[in-house]
Amino acid sequence: MAFIRIGLSVLLMCALAPGALRAQQPTVTVSVERHQQPGHLDRSKLHLLKHQQFSERSSRVASQYRLPNDTIPESYVLELSSNVHAEDFSYGGSVAIRVRVLQTTRSIVLHSLYSKLVKVEVRNANQLNIPINTVEEDPALETLTIRTDHELQRGIYQLTILFENTLRDDFGGFYRTSYNSGNEVRYSAVTQFQPVDARTAFPCYDEPGIRATFTISITSGVGTKVYSNMPIKSTTITGNGLKQTRFHTTPSMPTYLVAFAITNNFASTRLSLRGPPSSINMELIAPPTVTDTAQTYGLDLGGEIIRTVEQYFNQSYDLPKLDQLAVPDFYFAAMENWGLVIYEERYLLYDELTSTNRDKENVIATVVHEFVHQFLGNLLTPHWWSDLSLSEGFATFYEYYLSSMVEPSIRFKEKFTVEALQPALLFDCDINVRPISYNVETRTDIERMFDIISYQKGGSIFRMFHYALGELTFVKGIRRYISVNKGRSVTPDDLFESLQVAASEDAVLPLSLDVGTIMRPWIFQSGYPVVTVTLSNGELTFMQEHFLYRGSVVTSDRTWWIPITYHVHQSVGTVQSQQFWMPQGTSQVSLEQGDLMDGFIVVNPQQTGYYRVNYDENLWIRLISKLSSDPSIISPISRGQLLDDCFKLYYSGRVGANIIYNLLTYAENEIDAIPWSVAFANDNLGVLQGALVVERMAFEAFSRFVTGLTANVFNAVGFDALPSDEHETQQLRSAVIEWSCRSGSSECRTEALARMLNDLNGLAPLPMYLKYSVYCGGATIASPDVLETLWASLQSVNDYGQRLNVIEALACSESEQFLDDFLDSVFTNPIAGEWANILRAVYQKSAAGYEAYNRWIARNALQIVQSIGLDPAFTQIVNDVNQRQSDIRKYDEECVVVLSALRCVLFHAVFNLTLPKQPSSYL
C-alpha cells in the first residue's frame, strides 16, 4: 500500500506545473463556511471550517483603502427601480447625498463598485452647480473620486449620482433570490451589505464609523411587497404595472445596516407591541411555503426576545418597527439590519412537527443574536472592522446568556462552553492567529474578520469578564456603555471606560487595577494561557504560560491578567471558593493551602475563564478518583472542561497517556449530554478515531474501547424518545447511536439496520434528528444491494445538505464490495465537487474505508491523474491521507510484557501515537 501511495504522489508531482508547488503559509484565522451559523458551532462539523491567511501589506499606502476624512455624508436620498418580478435583473437608481466638507478640498471621495455611472452632479448650499473636472473610478480601491474645478470650502453640498446596475446572484449586495411556486419560478430581491457591499448596490460612504440618515424609495411591480429599515410612508401607482414605495427616514446609521427587499407573493403575519418600554410593530415575512405554525412561533418569539433584550440592557428599542424576513438563499444565518432583520429560512422558521430540537435552538439563538445587535452593533457601532468583536463578540455571548432566559428548558449557558469557548481555544493556540483587535484594510481581509476570533473568542472574553467583575457590575457597565455611546461609533477604550465606572462604583477590583489594564492583553494579544496547578507541602502553586502545541517553531513569553477561581472540595463534603487575579508578567503565584486529606481541587469551575488548566499528577488522580465514584460531584460543564482540557494537554505533551486514559474511563458512568458532547467532538475522541483509521489493529482496539465506554449511555438513551427526555437528549441520542454503531456494538447495528429498512420502506419513518445516525449505524452491516438502493434514491435529491448526509451515512459501510463501487462512482458523478465529499467520507470513517480508498488508488491511479488529479481538493485529500500514515507509530511490542494486551494497544496504538501539531489537522 505504501508503494502505491508514493507512486501516485510521483505521478501528481510530474503532472503539476513547477510554479504550482508552494510552501504552506501559516494560518492566521479560522472562519465558518457559508450556511453554518457563525455564532452557534456544531462540534461534529469542525471540518467545515476554513483556515485562512491575511494578506501581506501591499505596496499601496495602507490608508489608501480608507476614505479621506475631509468630507462626510449627513443624509442620503436613495431611489431605485427594479423589475425583478418580471425576471429583469437590471435596475436603475439615483442617490442624492448631503455632503459636509470639513476642510477645503478639490475632491469628494466615496465608494462605488459595479454601478455604471450615468450622471454625476455637485451643487452648493445655494443649489448652484459646481463644475466637475474628472470622475475617476478605482476598482482596486473600490472608490469613486469626483474632482472639481475649484476648491470646495467648508460647508454643505449636494452630490447627486444617477446609475445603472444589475442584481447580483452571489448572495451579496443587492441580489436576486427565487423559490418555486408549482412549475413557476418566482424572483425576489434582497440585500446583504455587511461588511462592504453597500457600495456594490449604490455609491456611498461605505465605512462602519460613518453614519448618516437614509430616505429610500423603490419602484417595483404592483404585485410585489417592498420592505426597508423604516415603515412605509406612501405608495403611489406610477403606471406600466409599477408602483413606488416611499419609506420614512431612518435614524443616523452606517451603510452596512441599510436594507431593502422586493418580495413576490411572500406570506406575512403581524404583531403589535405596546409600551412601555416602547411601541413596536413587528411583521414576519416568509416564502409562501411557510406553515402557519412556523410563522406564529417566529413572530411570537421575536416579540418575547425584543422585550427581554430591552429589559436586560435597560434601553428601549426606538425604531417604530422590527420586521423579520426569511429568504431561501442568504450568505449568513441572518443579518441584523436595523428594523429589517433578514434570515436564511431555517434560522427563523421552526415547526415542531417537522423540525428538530437543534433547529429550535438555532432559531432562538439566532433571533437573540440579531436582536442584541439592534443595540450592540446598530445603536452603537464599532468604529472600524478591526474591532468587529464589539458587535459580534457581544452578540455571541448574549445569544446564549439571554436565550437561557427566553427558553430556560434549554441549557444554553452550558452549551456556550461546548459550542463557543472550547472551539475558540482549539484554534487560538497557533502563534500566528490574530488577536481580537486586528487592523485590516482590504475587502478580503475585512471579510476574514468574520471568524472564530471575532465571534467565539470575543464572546468568551466578554463572558469571562462578566463573571470576573460580577454579573451585576458587568451589566451595569454594559448599560452605561450603551447609554453613553448610542448613536455613535465606538472603540475598545469606550467599553473599558464604562466597565471601569461600574467596577469603581461597586469596588470589585483592587485599587491598583483598572479594567483597561486587565482587559487589554486579552483584546490586543493573541492566544491564551494554560494554568498549571501543583500542590506541595501545603502550598498551591499556579503557573501560567502561553498555550502552544508541541512542534511550534517559536517560543512565547506572553502572559495575561488571569481571573483565577478555584473550588477546594474537602473530604467532609464542604466546598470553599477562592479567587484572585494572576498578574500579567508574573509566571507563578503560590498560596497556602491546608491539608486536603482525600479532597480535591477544581480550577476554573464552570469554565468561566478563557484558559486551560493542568494539574500535577497527584491532583489529577484525586479528581479522576472522585469522578469515577460519583460524576455528579462536579458540574457537567466542569466535567466537559476536564475532558476537553485533558485531550488538548495530552496532544501538546503536557500530560501522560495514563491521565487521559483514566479520565476517559470515568465516562463509563456518564450519561449527561454536556460532557458527552465534548467527548464525541471532532477535536477529542474524533481526532483519535480519525488518526487511527490507517492502522486496522489500533482502530479496532480503539473501537472496542469506545463500545465499552458508551455501553451505559447507549442503554440509557436507546433509540426511542421518552416524554421525560430533556431537550438535549435528542442530540445525545443521535451521537451515541452513531458512535456505538460505528465502534462495533452488535445490538446498536442490528437495531439501526432494522429501523433504516423500515424507514426506507415507509413502514416506520424515522424522526429527522435520528435519520443520519440510524442510517450510518445500519450501513455498517447492510447488504450492498440495500446500500446501492439508498445511493440510487439520492439521485433525485438536489439539496446539498441532504445529499451530504446520505453520503456520510453510506461511508459508514464496512462492505468491501459496496465501498469499492461507491468510490468508483466518483468518475461518473454529475454533481460538481461531490466526488471529494465521497472520498473524504469513505477514508475518514473507518479502517475499512481507508483500505477501500487504498484499493481505489491502486485500481485507478492513471485515471485519477487524468481526471481529478490536478484538482486542489484532491491534492488536499492526498496530503491528509499521507499525513495520517506518517503520524501513526506502531506500538512497542515490548509493552505486552508489562501490560495486558488490551491496555498495551490502548496506550501505544491509541494514545502514544505521534499526533499532529494540532488536533485540528484531522478535523
Side-chain angles (χ1 to χ4, degrees), residues 8 12 32-36 42 44-50 168-172 175-180 183 185 327-331 344-346 756 759-760 768 771-773 775-776 778-779 782 784-813 815 817-846 849-850 852-853 855-857 859-881 923:
L8 178 62
L12 291 173
V32 180
E33 281 281 13
R34 187 174 73 83
H35 288 327
Q36 284 197 71
D42 186 338
S44 69
K45 296 181 179 179
L46 294 179
H47 58 287
L48 298 178
L49 298 176
K50 298 186 295 184
R168 292 168 59 177
D169 61 1
D170 59 356
F171 313 115
Y175 73 93
R176 61 184 184 264
T177 183
S178 65
Y179 69 92
N180 294 324
N183 294 324
V185 178
V327 296
D329 303 299
F330 202 63
Y331 189 85
E344 186 194 339
E345 288 177 286
R346 59 179 165 160
M756 181 182 83
D759 183 74
L760 280 172
M768 285 302 298
K771 199 153 190 171
Y772 163 71
S773 57
Y775 271 53
C776 174
D785 289 342
V786 169
L787 297 173
E788 289 287 357
T789 300
L790 176 59
W791 176 233
S793 70
L794 188 64
Q795 305 315 308
S796 60
V797 176
N798 295 319
D799 181 80
Y800 176 85
Q802 291 182 33
R803 293 185 66 87
L804 184 58
N805 278 342
V806 174
I807 288 170
E808 294 275 356
L810 288 169
C812 296
S813 170
S815 164
Q817 177 184 334
F818 173 75
L819 290 175
D820 288 346
D821 292 342
F822 193 35
L823 288 173
D824 285 341
S825 74
V826 303
F827 297 115
T828 56
N829 191 306
I831 307 298
E834 194 167 76
W835 61 267
N837 293 336
I838 294 172
L839 289 182
R840 291 192 193 97
V842 169
Y843 80 77
Q844 291 178 1
K845 286 289 184 184
S846 66
Y850 176 77
Y853 168 85
R855 292 194 301 273
W856 176 77
I857 293 287
R859 290 194 308 273
N860 302 291
L862 185 58
Q863 188 175 0
I864 291 168
V865 172
Q866 293 173 340
S867 55
I868 60 176
L870 298 182
D871 193 297
F874 185 68
T875 303
Q876 292 174 359
I877 288 171
V878 171
N879 291 339
D880 179 47
V881 170
L923 298 181

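Positions are given from 1 along the sequence.
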Which atoms form the tightest heavy-atom contact between [X] and [Y], and what is the distance?
X    : Y    : answer
A809 : A779 : O-CB, 3.4 Å
A811 : L819 : O-CD2, 4.4 Å
P328 : S178 : CG-O, 3.5 Å
G869 : T875 : O-OG1, 4.3 Å
S825 : I838 : OG-CD1, 4.1 Å
E788 : F818 : OE2-CD1, 3.9 Å

Expected output: side-chain [X] to main-chain [Y] donor-acceptor under 3.5 Å:
X    : Y    : answer
Y179 : V327 : no
R840 : I877 : no
R803 : V797 : yes
E834 : P830 : no
S813 : L810 : no

Would you check, one step at a time, whether the test side-chain contact (heavy atoms from CB on, under 4.5 Å) holds for D824 with N860?
-> CA-CA 9 Å; D824 285 341; N860 302 291; 3.3 Å; yes
Side-chain donor-acceptor contact under 3.5 Å, Y843 with D880 | yes
Taking atom types as modelled, find out whether Y775 and N805 have a side-chain donor-acceptor pair closer than 3.5 angstrom.
-> no
What residue among I864, V878, V881 forms side chain to side chain contact (heavy atoms under 4.5 Å, CB included) with I857?
-> I864
Nearest 0.5 Å, what's the CD-CZ distance between E344 and F171?
-> 9.0 Å
How long is the gap from CD1 on I868 to CD on Q863, to the nearest 0.5 Å?
->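 Reported to 0.5 Å precision, the distance equals 9.0 Å.
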Quick one: do M756 and K771 satisfy side-chain contact (heavy atoms from CB on, under 4.5 Å)? Show the steps, please.
-> CA-CA 8 Å; M756 181 182 83; K771 199 153 190 171; over 6 Å; no
Go through the steps to decide whether F874 and N879 satisfy the test side-chain contact (heavy atoms from CB on, under 4.5 Å), and finish with yes or no.
-> CA-CA 9 Å; F874 185 68; N879 291 339; over 6 Å; no
Check whether more than 12 heavy atoms from other residues, nucleotides or ligands sit under 6.0 Å from atom CG of N798, and answer yes or no.
->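 No, CG of N798 has 12 or fewer neighbouring heavy atoms, counting only those of other groups under 6.0 Å.
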Check step by step if side-chain contact (heavy atoms from CB on, under 4.5 Å) holds for S867 and W835.
-> CA-CA 11 Å; S867 55; W835 61 267; over 6 Å; no
Are the aromatic rings of W856 and F822 close, with centres under 6.0 Å apart?
->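 Centroid separation for W856 and F822: 6.0 Å or greater.
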